[in-house]
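Notes for the one structure printed next.
This one's a predicted model, so the numbers in the text were calculated from it and none came from an experiment. Excluded from the calculations below are hydrogen atoms, water molecules and symmetry mates; all remaining heavy atoms, backbone and side chain alike, are included. Protein chains get the first letters and strands the later ones, always in sequence-line order, with residue 1 at the start of each.
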Amino acid sequence: MGAIDRKKLESITRYDPSEVEGRVFAEWMEGGYFHPEATGTAEENFSVAIPPPNVTGVLHMGHALNGSIQDALVRMNRMKGRNALWILGTDHAGIATQSVVEKGLKAEGGSRQELGRERFVKQVWEWKEEYGSQIVEQYKRLGASCDYERERFTLDDGYVKAVYKVFKRLYDKGYIYRDYYMVNWDPGSRSAISDLEVENREVEDTLFSIDYPVEDCDRILTVATVRPETMLGDTAVAVNPNDERYAALVGKNAILPLVGRRLPIIADEHVDIEFGTGALKITPGHDPNDFEIGRKHGLEEIVVIGPDGRLTEDAGEFAGMSAAEAQAAVVAALRAEGRLRAEEPYTHSVPFSHRSGERIEPLISLQWFCRMDELAKPAIEVVERDEVRIAPEQWKRVYLNWMREIRPWCVSRQLWWGHQIPVWYCDACEETIVAEQLPERCGACGGELRQDEDVLDTWFSSALWPFATLGWPDETPELRAFYPTSFLTTAREILFLWVARMVMTGLEFAGDVPFRDVYVHSVIQARDGRRMSKSLGTGIDPLGEIDIHGADALRFGLLAMSSTQDVRFSDAKVEQGRDLTNKLWNASRLILLNAAAVEPAPRPLHVEDRWILSRLERTIASVSEKLESYDFAHAVQEAYSFFWRDLCDWYLEIVKPRLYDGEAEVSATLLYALERLLALLHPTMPFVTEEIWSFHPARRGHLVVHPFPQADQSLFDEAAEADVEGGIDLTQRLRAWRSLADVPAGAMLVAVIDGVAPPEFVGRLSRFEFDGVGAEPVASIGPVRVLASEQLDAAAVAQRLDKRREELRAEVERGERKLGNEGFVAKAPAAVVEEERGKLERYRAELAELG
RNA sequence: GGGCGCGUAGCUCAGUGGGAGAGCGCUCGCUUCACACGCGAGAGGUCGUUGGUUCGAAACCAACCGUGCCCACCA
């Protein structure tokens, strides 16, 4: 065994990940295995861009699953000898990061306004330098084989260059424009947010019915609203054009209570005749629908609630109140005027900010938008043509449906932390300059320039991730070697927010799709089926799991529980992984401590050797195929069951005597199987396999770059499989018989064989001697005739026989019923019918034998 | 309102047309010289309900019940 630390192998009977993982990871880093050369083409190489975690983030279970999947594929492809790059980096996460630092300021009694923009941004950078690498370190705990030497940040210099270039090009093409438009205003972050950052929640509100008198007429229009304070901004009342009740009123004016404004009564299809009274107050300044209707009819847009959530000067006597205060005051005033007809509880869905959790205030404001329709066209085509493959299949449809109805994207945010919009204004001559770099002076008049105050939506920069991280817009070797990336995986929640946008920008700017394959993985829920979330307190900390069970255990567990549907977090699966690491360690100890000093090679002497080699190679074929097709759960469970059942429960038990004898052939075969198994498992359980490999006599270098096994079909052996599976089946039947006949566990029973002799191991593993003589046969199990002996309790044996007879009679009856069915015999495939006939015959024979 | 899922052993989940599976838990027996994070043997499901298709349905179809998610501008 040479330099190998035999003592360590002998003494450690329990695998301890906490002792191994840090050390092994350091060896990988030292070896530079995660930092591939930027050579070759993207077709030859393998690359994955990590979904960049927020700099403010800590590793959560979603990252852990997402990372386990990517690492499995990256490691497998690295072992296949390809340049494998896993691009790592973090996202500046505008709102989240700004909030963290602002909170810190507030705790010290300060504010960002006090500090001023420049100093505040500097402070955020300082925060980032100090705490921003936390999550990167946590990915290392998971064992993620990212290229830590090529780490990127969505605000680093090169990235800014890419973002500005993209902005300018989109502007020049006319896709990016500035407009007063209704946006989702998040009072929490005091910024506009996009449609995708809004979530609708069911809320109990009060529905107020308010009477609006009609001018020059004694009729009254009753309108309903959950936000009476917005009536101050009403500029029309709408009815359905087909609503006969109001046909005569269209064209007249209603009078807005409290304010006295004349509101034209207009007809619009949008109004639902069935709802309420069928009359709808129109507030273009504060409701998205009303905004649309307003624009359509050319109505005035009056803003009565400002960006600070308080009523504006246009709200007259209510100016300065918060929206809630204004609501109470408006309701009171209406009641006093006798205009309030009804109040009733009303449940409806209301938009909330996904970022701050506050209720969205729809607001008209001046924002930058990006037209998406032209960008979407090619991004739809590549998915339709499967040039970007989305799996599982159903998400392809979801992607396409969304893309086909894509709407303009509000890309400006009223924050300080982020990519400040590359637009400069000249106050002197009102010139607007859009540029990739800060222009010195106004080109038109030479005046001072002032940059747009807003920053870009964080997702605007994330959308460039796969190529901006590789150096675009420069033509770098990395870009040539690794773009398009091979694979992307994510939870479905960012399919639109991120994935779709990368496809659009990749095609538009990098000239090709950003990745070939997208795998949408499941969501791991809390143990009770709720979402894992910080605010609910339902999160399970992956680092805690790693501390307790090890990274390999967590990785195995996550892959095993993941599937196409959402699943609850299962401690049992992680423990199964933990048990597997320990069993791998111990089975390896058995092999490594007892094998003779020989070269690993398949050297079958007996049927069981041919069997295990066949099973090994089939497992390699099957597990590889499952990993390639993103069926991670079945891949790891199949590897588990091969190792545990076939290799440990059966093969090792069968060959122990030969191994202890120091037989060369079985030693070579076991070392060979172990080497291939470790390599096969390495992508999913990297630490324990690397550690065990360090004790393997054939080791020349780290397992992380060991060739990934390719199934050797010449070792497939159906005959050996049938023989040994038959032997296993017989062994289990013999053991079961013993157990049910109350034979003491250690007792040796005698029997004779009537018919074809089973493999040698059957007797040994079931504690039977098959060369018994003289005594009476008392039972028969397959070809085995159990002979009477003092170890056997006659009554228990008789009882066991009765039970078996009963079983057989049931089986015979079932077979007869099935074969007696004319339809079955006539229409079922011949092979199926034949099989049934065979079974029936065997059961009848055994029953006859028992009498 | 539209779309997509899911309902299988006590628990968490596989299984997509030919006799119900895994892990955990449970029962019984094992200090068998790799591993008690182990070994051996068991118990435990009329596969949500009702109809239909089929020689044959957990699987395919329909309806219903329950449950989860996504999208959507009814005040």
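Checking B/C33, B/A41, B/G23 against every side-chain atom of A/A736, the shortest atom distance belongs to B/A41. Residue A/K818 places its side chain closer to B/G19 than to any other of B/G40, B/C35, B/G19.
For the pair A/R397 and A/W402, the cation-pi criterion (under 6.0 Å, within 45° of the ring axis) is not fulfilled. Annotation: cation-pi pair A/R201/A/F352 present, NZ/CZ under 6.0 Å from the ring centroid and within 45° of its normal.
Between the C1' atoms of B/A22 and B/G15, the separation comes to 10 Å (whole Å). Between the P atoms of B/C13 and B/U54, the separation comes to 36 Å (whole Å). Across the C1' atoms, B/A36 and B/G10 are found 24 Å apart, a figure rounded to whole Å. For the C1' atoms, the distance from B/A20 to B/U16 is 14 Å, rounded to whole Å. Separation of the C1' atoms belonging to B/A59 and B/U8 is 11 Å when rounded to the nearest angstrom.
Checked against ring-ring contact (aromatic ring centres under 6.0 Å, His included), A/Y660 has no partners two or more places apart in sequence or in another chain.
In this pair, A/Y519 and A/Y630 present their aromatic rings tilted. The plane angle is within the 30 to 60° band.
In this model, a donor atom of one side chain and an acceptor atom of the other lie less than 3.5 Å apart for A/D16 and A/S18.
One distance of note links CE of A/M685 with OH of A/Y640; it measures 10.5 Å at 0.5 Å rounding.
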side-chain contact (heavy atoms from CB on, under 4.5 Å) assessment of A/E816 paired with A/R844: CA-CA 10 Å; A/E816 283 173 344; A/R844 275 179 176 153; 2.6 Å; yes

Step by step, would you call A/Y246 with A/N240 a side chain to side chain donor-acceptor pair (under 3.5 Å)? CA-CA 8 Å; A/Y246 302 119; A/N240 190 286; over 6 Å; no

Please produce a list of atom pairs where a protein N or O lies less than 3.5 Å from an N or O of nucleotides 53-55 of chain B.
residue : atom : partner : partner atom : Å
B/C55   : OP1  : A/K827  : NZ           : 2.2
B/C55   : O2'  : A/N821  : ND2          : 2.7

Restricting both atoms to N or O, compile the protein contacts to nucleotides 12-16 of chain B shorter than 3.5 Å, with distance only.
residue : atom : partner : partner atom : Å
B/U12   : OP1  : A/R568  : NH1          : 3.1
B/C13   : OP1  : A/R568  : N            : 2.8
B/A14   : OP1  : A/S563  : OG           : 2.8
B/A14   : OP1  : A/Q565  : NE2          : 3.1
B/A14   : OP2  : A/Q565  : NE2          : 2.7
B/A14   : O2'  : A/H634  : NE2          : 2.7

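Contact annotation: A/R407 reaches the phosphate of B/C73 (side-chain N/O to OP1 or OP2, under 4.0 Å). Considering only side-chain N and O atoms, A/W644 lies under 4.0 angstrom from the phosphate OP1 or OP2 of B/C39.
Side-chain atoms of A/R814 and base atoms of B/G19 include a donor and an acceptor less than 3.5 Å apart.
Nearest-nucleotide positions on RNA chain B for A/D579 and A/L207 put A/D579 closer to the 5' end.
Nucleotide B/U32 holds its P atom 16 Å from the CG atom of A/L590, rounded to whole Å.
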